[in-house]
Amino acid sequence: MNKVQRYFINQDADENQRFFITKKEDIHHITNVMRNVIGDNIILTFENQQVYKCEIMSMSNDSIEVKLSEKQNIDTELPVDITICSGLIKADKYEWLIQKATELGAHSFIAVGMDRSIVKLNNTKIEKKLERWQKIIKEAAEQSYRLTIPSIKYQSNLKNIYDTIDYYDYVLVAYEEQAKNGEISHFKQALQQFKPQDKVLVIFGPEGGLSEQEIALLSDVSSLIGLGPRILRAETAPLYVLSALSYEKELLG
């Protein structure tokens with residue numbers, strides 16, 4: 001018996017109509033990877049975050065027709081919209097980071113060329129990178145039963161982030177020196193203050209950390225936080241933050 005696989009569709013749910021899956025990669029996955037046939041069920045997550053078990057009615061190379069059969073009452077989104085803003089790090093590590101952070105509930109991602117980023121992206125590479133990253137995020141969102149697919153964008157420097165600061169209710173900067181100095185209260189206090197639907201930006205440096213100039217730029221508009229007594233890798237720190245947020249807001253209630 002096939003596992004019931006999840007897919008996203010860019011339309012709102014309506015029990016009175018049938019829907020067509022037209023994305024090539026989804027058609028390929030349903031037909032060739034899952035080997036589904038007419039009469040099988042799949043799970044569709046709709047744009048309005050409603051989730052339905054759907055029956056496959058017809059299949060072709062260009063589309064798969066489904067009808068909605070049973071609403072699924074689930075809520076898998078973190079109560080806080082958290083954006084992970086990271087300095088560019090090595091490709092395999094960044095891809096691992098966005099995959100795992102999607103599983104843990106990140107709302108969106110911003111990859112930034114920072115002062116100490118070893119990795120550099122030129123304009124010809126950005127579009128292909130973003131396409132690849134979005135594919136990784138989509139697959140992780142399907143696998144982890146997310147109701148939305150997190151977005152990802154690229155900024156060439158931190159000044160561009162500074163210019164959008166007003167969009168967020170809270171801005172936190174994970175700063176290695178805070179951890180070294182044993183600072184533990186700022187992050188804890190912030191977690192307790194977050195309310196449902198708050199927009200939170202958390203900024204992480206690349207492998208070499210944030211530069212003094214970058215910290216100076218952000219210091220008047222953010223809270224510098226330490227993440228426990230251990231020094232975490234650039235790809236691990238965001239997962240610590242998301243896990244702590246989930247524990248505080250979902251498990252503790």
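Position 1 is the first residue of the sequence; numbering continues from there.
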So, do [X] and [Y] sit near enough that their side-chain heavy atoms are less than 4.5 Å apart?
X      : Y      : answer
Thr45  : Thr148 : no
Phe194 : Ile82  : no
Ile21  : Ile42  : yes
Leu78  : His107 : no
Asn73  : Val51  : no
Ile225 : Lys188 : no
Val80  : Glu248 : no
Val202 : Pro238 : no

**Message:** If the condition is side chain to side chain contact (heavy atoms under 4.5 Å, CB included), which residues does Ser144 pass it with, not counting sequence neighbours?
**Reply:** Glu103, Arg146
**Asked** Listed by chain and number, what are the side chain to side chain contact (heavy atoms under 4.5 Å, CB included) partners of Asn16, not counting sequence neighbours?
**Response** Asp14
Kindly check if the number of other-residue, nucleotide or ligand heavy atoms within 6.0 Å of [atom1] ([X]) is above 12?
X      : atom1 : answer
Asn32  : CG    : yes
Gln192 : CD    : yes
Asp92  : CG    : yes
Arg233 : CZ    : no
Lys120 : NZ    : yes

How long is the straight-line distance from [atom2] of [Y] back to [atom1] of [X], given to the nearest 0.5 Å?
X      : Y      : atom1 : atom2 : result
Leu224 : Ser219 : CG    : OG    : 7.0 Å
Tyr145 : Ile74  : OH    : CD1   : 8.0 Å
Ile203 : Leu172 : CD1   : CG    : 9.0 Å
Lys90  : Glu95  : NZ    : CD    : 14.0 Å
Ser108 : Ile84  : OG    : CD1   : 8.5 Å
Lys195 : Asp198 : NZ    : CG    : 4.5 Å

**Prompt:** When the aromatic ring centroids of Tyr94 and Trp133 are compared, is their separation below 6.0 Å?
**Reply:** yes
Between [X] (side chain only) and [Y] (backbone N and O only), is there a donor and an acceptor less than 3.5 Å apart?
X      : Y      : result
Gln72  : Glu70  : yes
Thr236 : Leu232 : no
Thr164 : Ile161 : yes
Gln134 : Glu131 : no
Ser60  : Asp62  : yes
Asn160 : Gln155 : no
Lys249 : Leu191 : yes
Ser86  : Ala111 : no
Thr102 : Ile98  : yes
Ser117 : Met114 : yes

What pair of heavy atoms forms the shortest contact from [X] to [Y], and how long is it?
X      : Y      : answer
Thr22  : Ser63  : CG2-CB, 4.1 Å
Ile136 : Gln99  : CG2-CB, 3.9 Å
Arg116 : Gly208 : NH1-O, 3.1 Å
Ala174 : Phe204 : CB-CD2, 3.6 Å

**Derivation of the side-chain contact (heavy atoms from CB on, under 4.5 Å) call for Glu235 and Ile89** = CA-CA 8 Å; Glu235 69 271 25; Ile89 56 176; 3.9 Å; yes
**Request:** Sort out for me which residue in His29, Lys23, Glu142 forms a side chain to side chain donor-acceptor pair (under 3.5 Å) with Tyr7.
**Result:** His29
**Request:** Look at the aromatic rings of Phe46 and Tyr52 and report parallel, tilted or perpendicular, splitting at 30° and 60°.
**Result:** perpendicular
